[in-house]
2 protein chains.
Amino acid sequence: MSAAESAVETIQREMTIFARRARASAGRMHPELSLVSYTLLGHLEERGGCRATDLAAHYALDKSTVSRQVAALERAGLIERRLDPEDHRVQVLHLTDVGQEILAQVTRSRRAAFRERLADWPEEDLVRFAAYLERYNAGPAGADSD
Amino acid sequence: MSAAESAVETIQREMTIFARRARASAGRMHPELSLVSYTLLGHLEERGGCRATDLAAHYALDKSTVSRQVAALERAGLIERRLDPEDHRVQVLHLTDVGQEILAQVTRSRRAAFRERLADWPEEDLVRFAAYLERYNAGPAGADSD
DNA sequence: ATTTCAAGTTGTACTATACAACTAGAACGT
DNA sequence: ACGTTCTAGTTGTATAGTACAACTTGAAAT
């Protein structure tokens, strides 16, 4: 096996390990927020509000799934729905102040975890690793956009 | 923000994206085998058979979860249970021929997907990326061993 | 105006998961 | 040797996240 083939094997294996671990901890990532909720909230923050349909399309989730997630997030007071005056079918979702705070808090705690894990990496390696990951995720294979 | 901090941000973000995608596709990874089943079968192959309890410990799953997964895999004819003659509480799990075949098939198709995704990467980058991932996964933070 | 399309909700079902209660067998301590 | 405690595994029950299908409501198009 060539060095390239063996590297691909390793990448496959390590990505699988990471995926399994992430899956295992996705539910208990934070008492307030599952991985999916966190992602949805993050998207809302980035975009400054969007429709449930946009979330569904962006994350390749069924609209019913998003509907229930959104309902839960609203119940928890993290987001609010604003009826679009232009189109009464549409509800534009926005983070509430509480939602922003919780999101920031989870982001901080995740960031701390990553920082700690990567604490002893030389800067040069961090930069290269980050670039590789971006390149990998941007790659052609994933049918799902980010 | 320093280059190192910004790289850590990127690593966090890209790992989150990867985790979410992996989660989304974990169920429909292969008609025969979910990500978890694949991992369990892989472990069985590596070890040449082991107990359900070992699988549970290794992957930080509840024994009841493993029990049901194992039952499903047995029903599907991919593994078989052999009663340990030394200790009648213990069932040693082994891949069947069919199980080995399916595992090999899924491994091949996953490998092909990774190869395709990484097809245009220079060998040097593949090798470095593989090393970074290994280092990341081997890191101290993960409470769960691999 | 009627048909068709789009956004969202609700009913139903399935999978993966955990925790708790249980069964069966093994090991230990007096 | 016999009861206590430990271990392996199963089963009952509950929850979360997901999808698909049927439905409601509103908008657009012919």
Side-chain angles (χ1 to χ4, degrees), chain A residues 19-41 44 49-76 79-94 143-144, chain B residues 19-41 44 49-76 79-94 143-144:
Chain A
R20 184 178 41 66
R21 286 183 183 170
R23 183 191 175 97
S25 62
R28 50 185 186 282
M29 182 178 95
H30 184 279
E32 305 276 356
L33 236 44
S34 72
L35 179 60
V36 172
S37 305
Y38 174 72
T39 306
L40 296 182
L41 254 46
L44 249 43
C50 74
R51 304 174 306 165
T53 296
D54 299 336
L55 294 175
H58 196 79
Y59 295 112
L61 293 169
D62 191 80
K63 57 188 177 162
S64 68
T65 300
V66 172
S67 175
R68 288 181 230 263
Q69 290 285 333
V70 161
L73 290 172
E74 191 190 27
R75 238 180 285 121
I79 65 176
E80 62 183 16
R81 310 152 114 112
R82 299 186 196 153
L83 250 159
D84 183 343
E86 307 284 300
D87 183 340
H88 281 199
R89 289 171 305 180
V90 171
Q91 301 170 7
V92 183
L93 308 172
H94 291 268
D144 47 345
Chain B
R20 185 178 42 66
R21 287 184 183 169
R23 185 192 173 95
S25 62
R28 50 184 187 281
M29 184 179 97
H30 185 276
E32 305 278 355
L33 236 43
S34 73
L35 179 60
V36 172
S37 305
Y38 174 71
T39 307
L40 297 182
L41 255 46
L44 249 43
C50 73
R51 303 174 306 161
T53 295
D54 299 335
L55 293 175
H58 195 78
Y59 295 112
L61 293 168
D62 192 80
K63 58 189 176 159
S64 67
T65 301
V66 172
S67 174
R68 288 181 232 264
Q69 290 285 333
V70 161
L73 290 172
E74 191 191 26
R75 237 178 288 122
I79 66 177
E80 62 182 17
R81 310 153 114 110
R82 301 188 195 151
L83 251 160
D84 182 345
E86 306 287 297
D87 182 340
H88 279 201
R89 290 170 305 179
V90 171
Q91 301 169 9
V92 183
L93 308 172
H94 291 269
D144 46 345

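Hydrogens, waters and symmetry mates play no part in the numbers below; they use all other heavy atoms, side chains included. Naming: A, B, ... by sequence-line order, numbering from 1 per chain.
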### Task
Could you work out which one of C/dT9, C/dA16, D/dA19 sits closest to the side chain of A/Arg68?
D/dA19
### Task
To the nearest Å, give me how far apart CG (A/Leu40) and P (D/dG17) are.
10 Å
### Query
How long is the line joining CD of A/Gln69 and C1' of C/dG8, in whole Å?
15 Å
### Message
Counting only heavy atoms and a strict 4.0 angstrom limit, can you tell me which residues of residues 82-93 of chain A come near DNA chain D?
### Response
A/Asp87, A/His88, A/Arg89
### Query
Distance from B/Arg75 atom CZ to B/Arg68 atom CZ, nearest 0.5 Å?
10.5 Å
### Query
Distance from A/Leu44 atom CG to A/Thr39 atom OG1, nearest 0.5 Å?
11.5 Å
### Task
Starting from P on C/dC14, measure out to CG on A/Asp62 and report it in whole angstrom.
17 Å
### Query
Starting at CG of A/Leu35 and ending at C1' of D/dA16, how long is that distance when rounded to a whole Å?
14 Å
### Message
Testing the basics here: between B/Ala19 and A/Leu35, what is the closest heavy-atom pair and its distance to 0.1 Å?
### Response
CB-CD2, 4.1 Å
### Summary
Testing C/dG8, C/dT12, C/dT17 for proximity to the side chain of B/Val36, the answer is C/dT17
### Message
Using a heavy-atom cut-off of 4.0 Å across all strands, would you classify B/Val66 as base, sugar-phosphate, or nothing?
### Response
nothing
### Proximal nucleotide (of C/dG8, D/dT11, D/dG9) relative to the A/Arg51 side chain
C/dG8
### Message
Rounded to whole Å, please give me the gap between CZ in A/Arg21 and C1' in C/dT17.
### Response
19 Å
### Message
Tell me the interatomic distance from A/Lys63, atom NZ, to C/dC5, atom P, rounded to whole angstroms.
### Response
14 Å
### Message
Of the options C/dG8, D/dG12, C/dT17, whose atoms approach the side-chain atoms of B/Leu61 most closely?
### Response
C/dT17
### Nucleotide nearest B/Arg81 when distance is taken to its side chain, options C/dA7, C/dT17, D/dG9
D/dG9
## Note on the structure
side-chain hydrogen bond (donor to acceptor under 3.5 Å, both in side chains) with B/Gln91: of B/Glu80, B/Arg82, B/Arg81, B/Glu74, only one passes, and it is B/Arg81
### Message
Contact between B/Leu61 and B/Leu55 at the side-chain level, heavy atoms closer than 4.5 Å - yes or no?
### Response
no
### Message
Using whole Å, what does the distance between atom P of nucleotide D/dT18 and atom CG of A/Leu55 come to?
### Response
12 Å
### Task
Could you tell me whether A/Thr65 contacts a base, only the sugar-phosphate backbone, or nothing, with contacts defined as non-hydrogen atoms closer than 4.0 Å?
base
### Message
Using OP1 and OP2 only, check whether a side-chain N or O of B/Thr53 sits under 4.0 Å from D/dT7.
### Response
no
#### Entry: Side chain to side chain, B/Val36 and B/Tyr59, heavy atoms closer than 4.5 Å
no
#### Entry: Any side-chain heavy-atom pair of A/Leu93 and A/Asp54 under 4.5 Å
no
### Message
Within the 4.0 Å heavy-atom criterion, would you say A/Ser64 contacts the bases, only the backbone, or no part of the nucleic acid?
### Response
base
